[in-house]
Engineer: 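Below is the structure I would like to discuss, written out as structure tokens.
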Amino acid sequence: MRLNKYIAHYSTYSRREADKAVQDGYVRVNGEIETNPATQVQEGVDIVYISGKQVSPQEKYTVIVYNKPKGELVTKNDPKGRRTIYDSLSKEFKHFIPVGRLDFASEGLLLLTDASHVATALMESDLERIYKIKIKGMVTPDMEDAMLNGIYLDDASAGAHSHSKITSMDIKPFIGYKIQKNQPNYSILKVALKEGKNRELRRFFAHFGAEVADLKRVSFAEIELNNLPTGKTRYLTRSEYSALYKFLKEEKKRAREKKRKEEKE
């Protein structure tokens with residue numbers, strides 16, 4: 001965005017007033033005086049001051065929690081005519097972007113937002129995701145070792161969708177896990193991951209010959225599913241928005257530091 005447009009958009013200055021302030025030397029970009037109104041600035045990365053006062057984008061975005069039921073696809077349209085989350089969501093959320101995916105047979109917490117940069121930041125983050133899983137068979141020592149230390153799957157086709165183009169997968173160590181029931185017929189456990197790759201948990205357990213019978217995401221960072229009924233939505237609470245705002249602010253800071261480092265090299 002052009003500097004003069006940025007100032008006019010996020011302050012009380014008109015475009016003409018912004019031009020004059022820049023040309024008269026009252027504007028600093030990343031600490032340096034900038035006298036060219038056409039200079040490009042990046043929202044959320046570059047820091048702009050005018051007459052000693054910071055000009056900041058006033059972000060407005062909405063994030064909702066949806067308790068996705070089994071049997072819905074996280075997509076806008078399905079060529080096979082299967083049900084999607086947008087068949088269940090109310091009209092006001094039809095344009096919202098899902099934060100990642102839960103496959104057709106999985107359920108639980110799915111975040112959606114009307115801001116693409118928020119969706120991207122959350123999807124690409126290493127924020128904790130917690131899942132409750134039921135597998136057929138027992139949790140073995142080999143599984144526990146892989147959960148603790150990670151594992152590289154040369155052949156990650158087991159547990160994958162039949163049309164998946166992913167043939168191998170590097171699964172990082174889990175943040176943590178807790179075995180709640182361990183029996184020969186089925187076992188139940190909670191696991192915490194830093195990322196959510198394509199059918200990662202189904203591929204992981206399938207590698208050890210264990211089929212995932214049920215998979216439910218119960219939390220994403222500070223946001224928990226709690227008692228939200230299946231198929232229902234809710235807005236984030238004030239504390240959840242506060243935690244999200246803090247996370248996005250830190251992400252912007254990291255992006256600025258990365259940009260400065262790249263400029264010095």
Side-chain angles (χ1 to χ4, degrees), residues 64-74 82-83 85 88 98-112 122-123 125-153 155-162 164 166 169-234 237 240 243:
I64 63 168
V65 180
Y66 176 51
N67 188 352
K68 175 195 168 305
K70 293 180 182 180
E72 285 187 356
L73 289 171
V74 183
R82 290 171 294 180
R83 189 174 183 84
I85 60 170
S88 298
V99 177
R101 295 284 188 271
L102 284 174
D103 64 52
F104 189 73
S106 298
E107 61 183 321
L109 185 149
L110 179 68
L111 299 178
L112 296 104
L122 288 171
M123 276 188 280
S125 75
D126 59 1
L127 294 171
E128 181 181 80
R129 290 94 152 148
I130 297 179
Y131 301 83
K132 186 172 183 179
I133 306 169
K134 179 180 178 180
I135 64 170
K136 295 181 180 179
M138 296 187 72
V139 178
T140 66
D142 285 343
M143 288 181 195
E144 292 194 65
D145 181 70
M147 285 191 277
L148 287 169
N149 301 301
I151 187 171
Y152 180 77
L153 305 181
D155 180 3
S157 58
H161 188 277
S162 58
S164 175
I166 299 172
M169 184 172 286
D170 185 17
I171 298 177
K172 303 288 178 61
F174 292 11
I175 297 175
Y177 70 92
K178 182 178 181 180
I179 301 172
Q180 297 179 321
K181 183 176 286 187
N182 201 12
Q183 297 178 337
N185 55 341
Y186 74 92
S187 301
I188 297 173
L189 64 162
K190 274 189 175 182
V191 302
L193 306 181
K194 282 187 177 181
E195 53 190 359
K197 293 179 180 177
N198 182 280
R199 296 175 71 97
E200 178 177 5
L201 288 169
R202 294 186 186 277
R203 294 173 195 260
F204 176 90
F205 288 103
H207 174 75
F208 297 99
E211 181 185 344
V212 173
D214 292 303
L215 192 155
K216 183 176 186 177
R217 183 156 59 201
V218 296
S219 72
F220 191 118
E222 307 286 336
I223 304 165
E224 297 187 2
L225 191 61
N226 293 328
N227 297 319
L228 182 67
T230 300
K232 299 296 182 181
T233 60
R234 70 168 177 84
T237 64
E240 288 169 340

Engineer: Picking from K216, R101, R202, R217, what satisfies side-chain hydrogen bond (donor to acceptor under 3.5 Å, both in side chains) with S106?
Structural biologist: R202
Engineer: Could you tell me the separation between the OG1 atom of T233 and the OH atom of Y66, rounded to the nearest 0.5 Å?
Structural biologist: 8.5 Å
Engineer: Quick check: closest heavy atoms across K68 and D103, and the distance to 0.1 Å?
Structural biologist: NZ-O, 3.1 Å
Engineer: Between K70 (side chain only) and D214 (backbone N and O only), is there a donor and an acceptor less than 3.5 Å apart?
Structural biologist: no
Engineer: Quick check for you: to the nearest 0.5 Å, what is the distance between I135 atom CD1 and L189 atom CG?
Structural biologist: 6.0 Å
Engineer: Is there side-chain contact between I64 and L111, with heavy atoms separated by less than 4.5 Å?
Structural biologist: no
Engineer: Okay, side chain of K132, backbone of I188: is any donor-acceptor separation there less than 3.5 Å?
Structural biologist: no
Engineer: Can you measure from CD (E200) to OH (Y131) and round to the nearest 0.5 angstrom?
Structural biologist: 7.5 Å
Engineer: Between H207 and I171, is there a side-chain heavy-atom distance shorter than 4.5 Å?
Structural biologist: no
Engineer: Quick one: do S88 and E72 satisfy side-chain contact (heavy atoms from CB on, under 4.5 Å)? Show the steps, please.
Structural biologist: CA-CA 9 Å; S88 298; E72 285 187 356; 2.4 Å; yes
Engineer: Looking only at the side chains, is there a donor atom on one of N198 and R203 sitting less than 3.5 Å from an acceptor on the other?
Structural biologist: yes
Engineer: How many angstroms lie between CZ in F204 and CD1 in I133, if you round to the nearest 0.5 Å?
Structural biologist: 9.0 Å
Engineer: Is a side-chain donor-acceptor pair under 3.5 Å present for T230 with E107?
Structural biologist: no
Engineer: Ignoring hydrogens, what is the shortest heavy-atom contact between A210 and K136? Give both atom names and the distance.
Structural biologist: CB-O, 3.7 Å
Engineer: What pair of heavy atoms forms the shortest contact from L228 to N67, and how long is it?
Structural biologist: O-ND2, 2.7 Å
Engineer: Report the distance from atom CG of L153 to atom CD1 of I151, rounding to the nearest 0.5 Å.
Structural biologist: 5.5 Å
Engineer: Which donor-acceptor pairs under 3.5 Å do the side chains of residues 220-227 make with protein atoms, sequence neighbours left out?
Structural biologist:
none

Engineer: Minimum heavy-atom separation for F208 to A146, with atom names?
Structural biologist: CZ-CB, 3.7 Å
Engineer: What heavy-atom pair brings V74 and P98 nearest, and what distance separates the two atoms?
Structural biologist: CG1-CB, 3.6 Å
Engineer: What distance separates D142 CG from M147 CE, expressed to the nearest 0.5 Å?
Structural biologist: 10.5 Å
Engineer: For residues 173-186, which side-chain N or O atoms pair as donor and acceptor with protein atoms under 3.5 Å away, sequence neighbours left out?
Structural biologist:
{"from": "Y177", "atom 1": "OH", "to": "E144", "atom 2": "OE1", "distance (Å)": "2.4"}
{"from": "K181", "atom 1": "NZ", "to": "Y186", "atom 2": "OH", "distance (Å)": "3.3"}
{"from": "N182", "atom 1": "OD1", "to": "V139", "atom 2": "N", "distance (Å)": "2.7"}
{"from": "N182", "atom 1": "OD1", "to": "S187", "atom 2": "OG", "distance (Å)": "2.9"}
{"from": "N182", "atom 1": "ND2", "to": "V139", "atom 2": "O", "distance (Å)": "3.3"}

Engineer: Consider only side-chain N and O atoms of S157 and D155, and report whether a donor and an acceptor are under 3.5 Å apart.
Structural biologist: yes
Engineer: Donor-acceptor check, side chain of R129 to backbone of K194, threshold 3.5 angstrom: yes or no?
Structural biologist: yes
